[in-house]
Chemist: 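I have a structure here, written as structure tokens, and I will follow up with some questions on it.
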Amino acid sequence: MELTYKKLESIIVTAFEGGIGYWAGIDMSKEGLKDRDRSIPLSIASSHILEEGGSITILDQYDDTVAGELTKKKIDTAFRKFLSKHNFLLSTYDMCEFDADCADEVIQFALFGKWVYG
């Protein structure tokens with residue numbers, strides 16, 4: 001079963017609007033972000049970019065280096081790892097239980113394959 005757009009969007013919104021803010025930033029110079037309609041939140045615009053097969057560059061705020069590139073495939077793999085670690089199933093997982101800490105964990109799994117910050 002593939003990661004649905006709704007779940008992808010939930011992960012990105014939760015991560016970008018709270019989960020990863022203490023260690024990460026978003027490279028705003030990428031096509032699709034620098035020229036986005038400012039009435040659309042960054043997290044929603046990023047979700048659309050990922051859904052369409054693009055990538056989002058995440059920056060490490062501690063040393064201003066590139067932490068990695070997020071793609072839908074990486075997030076899908078990381079989300080499955082998160083679910084497996086916590087004994088949940090993708091098909092039945094209720095995103096209402098998904099909070100900033102969960103989103104942070106998924107993004108770190110997607111970028112680093114493990115928990116690095118926090």
Side-chain angles (χ1 to χ4, degrees):
M1 174 176 277
E2 184 178 338
L3 181 68
T4 64
Y5 176 76
K6 279 229 175 268
K7 286 184 179 176
L8 172 69
E9 182 182 72
S10 182
I11 292 166
I12 295 302
V13 168
T14 306
F16 285 19
E17 295 180 12
I20 65 173
Y22 70 99
W23 68 268
I26 291 87
D27 180 356
M28 298 299 294
S29 69
K30 287 197 86 161
E31 186 91 18
L33 292 181
K34 67 179 176 186
D35 55 353
R36 81 179 199 286
D37 177 349
R38 298 288 187 226
S39 68
I40 299 171
L42 173 63
S43 57
I44 300 298
S46 297
S47 298
H48 289 295
I49 289 168
L50 293 168
E51 179 65 23
E52 294 168 5
S55 65
I56 303 295
T57 304
I58 302 298
L59 305 172
D60 182 322
Q61 288 192 26
Y62 292 108
D63 61 11
D64 280 337
T65 60
V66 172
E69 292 286 322
L70 283 180
T71 64
K72 182 179 179 183
K73 181 171 175 49
K74 286 181 179 179
I75 292 170
D76 183 37
T77 300
F79 188 55
R80 290 171 191 278
K81 181 176 181 177
F82 165 82
L83 293 174
S84 176
K85 177 181 173 192
H86 298 286
N87 297 315
F88 297 120
L89 297 173
L90 177 62
S91 59
T92 59
Y93 185 72
D94 183 355
M95 292 305 284
C96 292
E97 298 175 19
F98 196 79
D99 63 13
D101 290 335
C102 299
D104 185 21
E105 186 173 352
V106 169
I107 298 302
Q108 288 191 48
F109 285 170
L111 295 174
F112 314 119
K114 62 182 180 178
W115 187 258
V116 174
Y117 300 103

Chemist: To the nearest 0.5 Å, how far apart are CG in Leu3 and CD1 in Ile11?
Modeler: 5.0 Å
Chemist: For Ala100 and Gly18, which heavy atoms make the closest approach, and how far apart are they?
Modeler: CB-C, 4.1 Å
Chemist: Distance check, rounded to the nearest 0.5 Å: Glu9 atom CD versus Thr14 atom OG1?
Modeler: 9.5 Å
Chemist: Any idea which heavy atoms bring Ala15 and Ala103 closest together, and the distance?
Modeler: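 Looking at all heavy atoms of both residues, the closest pair is N-CB, 3.5 Å.
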Chemist: Working to the nearest 0.5 Å, report the span between CE of Met28 and OG1 of Thr57.
Modeler: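 One finds 11.5 Å between CE of Met28 and OG1 of Thr57.
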Chemist: Pick from Phe112, Trp115, Tyr62: which one makes a ring-ring contact (aromatic ring centres under 6.0 Å, His included) with Trp23?
Modeler: Phe112
Chemist: Please determine whether residues Val116 and Val66 belong to a single hydrophobic cluster, defined as Ile, Leu, Val, Met, Phe, Trp and Tyr linked transitively by side-chain heavy-atom distances below 4.5 Å.
Modeler: no
Chemist: For a side chain to side chain contact (heavy atoms under 4.5 Å, CB included) check, start with the C-alpha distance between Ile107 and Leu111, then their side-chain angles and the critical distance, and finish with the verdict.
Modeler: CA-CA 6 Å; Ile107 298 302; Leu111 295 174; 3.9 Å; yes
Chemist: How long is the straight-line distance from CZ of Phe79 back to OG of Ser84, given to the nearest 0.5 Å?
Modeler: 12.0 Å
Chemist: Could you measure the distance from the OG atom of Ser47 to the CD1 atom of Ile56? Nearest 0.5 Å is fine.
Modeler: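 Atom-to-atom, Ser47:OG and Ile56:CD1 are 8.5 Å apart.
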Chemist: What pair of heavy atoms forms the shortest contact from Cys102 to Glu97, and how long is it?
Modeler: SG-O, 4.2 Å
Chemist: Is there a continuous path of hydrophobic side-chain contacts, each under 4.5 Å between heavy atoms, that joins Phe109 to Met95?
Modeler: yes
Chemist: Is the closest basic N to carboxylate O distance between Lys6 and Glu51 below 4.0 Å?
Modeler: no
Chemist: Roughly how far apart are Ile12 CD1 and Tyr5 OH, rounded to 0.5 Å?
Modeler: 9.5 Å
Chemist: Give a yes or no on whether a salt bridge exists between Lys85 and Glu105, defined as a side-chain N under 4.0 angstrom from a carboxylate O.
Modeler: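 Salt bridge between Lys85 and Glu105, a charged N being under 4.0 Å from a carboxylate O: yes.
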Chemist: Check the hydrophobic clustering (I, L, V, M, F, W, Y; side-chain heavy atoms under 4.5 Å; chains of links allowed) and say if Ile58 and Tyr22 are grouped together.
Modeler: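 Same hydrophobic cluster.
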Chemist: Do Leu33 and Ser46 pass the side chain to side chain contact (heavy atoms under 4.5 Å, CB included) test, and can you show the C-alpha distance, the side-chain angles, and the key distance before you say yes or no?
Modeler: CA-CA 7 Å; Leu33 292 181; Ser46 297; 3.7 Å; yes
Chemist: Report yes or no: does Lys74 contribute a side-chain atom to a donor-acceptor pair with the main-chain N or O of Glu69 at less than 3.5 Å?
Modeler: yes
Chemist: With side-chain hydrogen bond (donor to acceptor under 3.5 Å, both in side chains) as the criterion, how do Ser55 and Lys72 come out once you've worked through the C-alpha distance, each side chain's angles and the decisive distance to 0.1 Å?
Modeler: CA-CA 8 Å; Ser55 65; Lys72 182 179 179 183; over 6 Å; no
Chemist: With ring centroids as reference points, do Phe98 and Phe82 lie under 6.0 angstrom apart?
Modeler: yes
Chemist: Quick one: does any side-chain atom of Gln108 pair with a main-chain N or O of Tyr117 as donor and acceptor, under 3.5 Å?
Modeler: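 Yes, because the side chain of Gln108 sits within donor-acceptor range (under 3.5 Å) of the backbone of Tyr117.
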Chemist: Closest heavy-atom contact between Val13 and Ser43?
Modeler: CG2-OG, 3.5 Å
Chemist: Would Leu59 and Ile26 count as a side chain to side chain contact (heavy atoms under 4.5 Å, CB included) here? Give the steps.
Modeler: CA-CA 6 Å; Leu59 305 172; Ile26 291 87; over 6 Å; no
